[in-house]
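Input: a single structure, listed below in structure tokens.
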Amino acid sequence: MKSNLSIRKSWLLAISAVFFITSCSDETTVFENPEDNLVNETDQSKLLNSVSFEEAGVLDIYEDPSASAKRYNTTGKAEPAGDYPLTLVAQIDPPTFTNGENLAATHVALDGDYGYVSYNTVGQDYVGAIDVVNISDPNNPRVTSRVYYTNADLNSIAYDNGYIYVAGGVDSEQSVTATANSLVAKIAVSGGRINTSNISYGFQEGFNATDVRIVNNDVVVTSGQDGFVVVYDKNDLSVKNEAAFSDLRSVAYNGNELAVLDAAEGVSFLDTNLNTVRSIGIQSDFGIDAKRTLDFLGNNIIVSEGTKGAGVYNSASGSFVEYLPILTNPDNAEPGEIVTNGVAVNDDVLLMANGAGGLSLSETKADNTVGVGVIELTGSINYVASKDDYIFAASGKSGFQIIKLNRPSESLEERCSELSNYSGSANLNVNSGEELAYSGSKRFNNVNVNGSLLLCGSWTVKEGVAINANGLFEMNGTLVVGRNNRQRNITINSGATLIVEGDLVIYGNLVLNDGASIAFLGDDSVIAVTGEVIKNGDVTVTGNFNDYYNKF
């Protein structure tokens, strides 16, 4: 009955296991002409200022569950040096506009130099937005285009060949165009700009569209609560096939077959005609209208299961493999806030968005999944996506956070192959007279050089670097020091030398004392100093380099 539609709106925000449902506003904009309900953000300063670098820099990973429960203090020291030298690139504040002040990020699609972010609204109104974020410069992401939807929630987004596809909900009672509450839209995008002049729409049954996935020449959309999985033609969004389910939350594709997550039943694997060929019954409480995702991982499929964490199942046999637990239990979290909302897989890395439990990172080795720890981020982590060298995490009022994995490139690994991998302390000390050389990808607390040190690979340093009198530190690859909200320095003392071949980022100062030297090799080295380059006396700077912030 139509009288029930407005009170059954699925918020599908990944911020809680349970949401309170209220009736829709009588002021919902009529969906007569879809373009009339779109607002392009033309204020470039607003787009520019939506990117925050306040907390950019080196991220710790709390490896001990008891320590990670206190992840907001920074006194913990990881011993030995940790894997995964992650850095926070920036945070994107959620869009705001008149009658759209409560938007929250719901999904992200990554392709090349761009991330495409969808938003919906906490509360009774149907309001959404789309951001395009240029991530080609890892030190300076920019929001290049933003569109507000004044009458629709957007719960999921995908990108393919010059178009973004968004799935969400509209109040069909207030629309003369929408034939059902669940919608999918195809929108052109080029060079980081959204083109709203020619948008195609499709509608399907279900109280809200929950997920969208591009599969070859098709667009596959799921809708929750008495909804469907629908296959649309990618060209014109005409319906090719559909199948009814009770409460769909997500769809995944591994190159061979589709899998859908039904909160009422579990996981169903579908053939090309959307017939269920096998299923995995799951009895977990998936919450009412809460976002839950699934993803393939080799021969397994990973399911976000709320308070249970992530369930791992063999995708062929359906047999249970293991639960990946939520690693933290913060004292200040409300019951129901510590839930696995989403999972993402990037090569051998598995990420879990655990709400107030943070963003956890695990690594997969053969058939085993081993928890590494919880990444040092603020906010409740509601959704995660990862591709190439980036992680995107939606974190409520803390915005959308862009994280760089800082994986060494294949060419860098080849250059470093003759060196032994570092496996020592997080506090790296090189004594006078010592000559040490290592390859690898590690997180340090601090580096103190009195002798000679070569580091080839990707490295982060949480507390700072000191190159003491007559010391030599050579870096080849990537080195990041400090964080904007806890700035740290690289200090080069009298007679000491720092040699840079690659990318050096300092969230703090570069201090060159009298008699110090810094040399850049090759023509492609970059140094980005957010603080100042302080020259105390007669110092030597040689070589060609990109002074990113013009501090020299």
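Residue numbers count from 1 along this sequence.
Ion pairing of E376 with R483 is present here, as a side-chain N (NZ or NE/NH1/NH2) and a carboxylate O approach within less than 4.0 Å. Here K442 pairs with D83 in a salt bridge; the nearest charged N to carboxylate O distance falls below 4.0 Å.
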Name each donor-acceptor pair under 3.5 Å that joins a side chain in residues 342-353 to protein atoms two or more places apart or in another chain, with its distance.
residue	atom	partner	partner atom	Å
N346	OD1	R407	NH1	3.0
N346	ND2	S386	OG	2.8
N346	ND2	D388	O	3.0

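Looking at D262, its side chain does come within 3.5 Å of a backbone N or O of D247 through a donor-acceptor pair. Remark: side-chain polar atoms of T144 are paired, donor with acceptor, to backbone N or O of G192 under 3.5 angstrom. Remark: the backbone N or O of Y126 is not paired with any side-chain donor or acceptor of T121 at under 3.5 angstrom. Not one N or O on the side chain of N217 forms a donor-acceptor pair closer than 3.5 Å with the backbone of K234. A donor-acceptor pair under 3.5 Å is formed between the side chain of S223 and the backbone N or O of F228. For K291 (side chain) and N341 (main-chain N/O), no donor-acceptor pair under 3.5 Å exists by modelled atom type. Although no hydrogens or angles enter the test, the distance criterion places a donor-acceptor pair under 3.5 Å between the side chain of T210 and the main chain of T222. Under a 3.5 Å cut-off, the side chain of R213 and the backbone N or O of V251 do form a donor-acceptor pair. Side-chain atoms of S268 never come within 3.5 Å of backbone atoms of V260 as a donor-acceptor pair (strictly under, hydrogens ignored).
The shortest non-hydrogen separation linking I381 to A393 is CG2-CB, 4.2 Å. Heavy atoms only, all atoms of each residue included: T179 and E205 are closest at O-OE2, 4.2 Å. The two residues V147 and T196 have their closest heavy-atom pair at CG2-CG2, 3.9 Å. Residues L110 and K387 come closest through the heavy atom pair O-NZ, 3.2 Å.
Put simply, the side chain of Y313 reaches to within 4.5 Å of the side chain of I282, judged on heavy atoms. Contact check for V303 versus I280: no side-chain heavy atoms found under the 4.5 Å cut-off. No side-chain heavy atom of D218 sits under 4.5 Å from any side-chain heavy atom of Y232. With a 4.5 Å cut-off on side-chain heavy atoms, I375 and Y84 do not count as touching. Two residues are said to be in side-chain contact when any heavy atoms from C-beta on lie closer than 4.5 Å; V117 and I92 fail this criterion. Put simply, the side chain of S156 reaches to within 4.5 Å of the side chain of V212, judged on heavy atoms.
In this pair, F269 and F296 present their aromatic rings tilted. The plane angle is within the 30 to 60° band. Taking the six-membered ring where the residue is Trp, F392 and F400 present tilted rings, their angle falling between 30° and 60°.
A donor-acceptor pair shorter than 3.5 Å can be found between the side chains of N208 and N155. No side-chain donor from either of D93 and S52 sits under 3.5 Å from a side-chain acceptor of the other. Checked by atom type, the side-chain pair N40/T42 shows no donor-acceptor distance below 3.5 Å.
Enclosure of atom CG in D137 by more than 12 non-hydrogen atoms of other residues, nucleotides or ligands within 6.0 angstrom is indicated. A 6.0 Å sphere centred on OH of Y163 holds no more than 12 heavy atoms belonging to other residues, nucleotides or ligands. At most 12 heavy atoms of other shown residues, nucleotides or ligands fall within 6.0 angstrom of atom CD in E54. Open room surrounds CG on N161; 12 or fewer heavy atoms of other groups in view lie less than 6.0 Å from it.
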task: Could you go through the side-chain contact (heavy atoms from CB on, under 4.5 Å) check for Y165 and V221 one step at a time?
output: CA-CA 10 Å; Y165 299 80; V221 180; over 6 Å; no
field: Verdict with reasoning, I135 to Y390, per side-chain contact (heavy atoms from CB on, under 4.5 Å)
entry: CA-CA 9 Å; I135 55 175; Y390 288 94; 4.1 Å; yes
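From D171, atom CG reaches atom CG of N181 across 6.0 Å, with rounding to the nearest 0.5 Å. A distance of 11.5 Å separates CG of N254 from CG of L297, quoted to the nearest 0.5 Å. Atom CD of Q401 is separated from atom CD1 of I391 by 11.0 Å, given to the nearest 0.5 angstrom.
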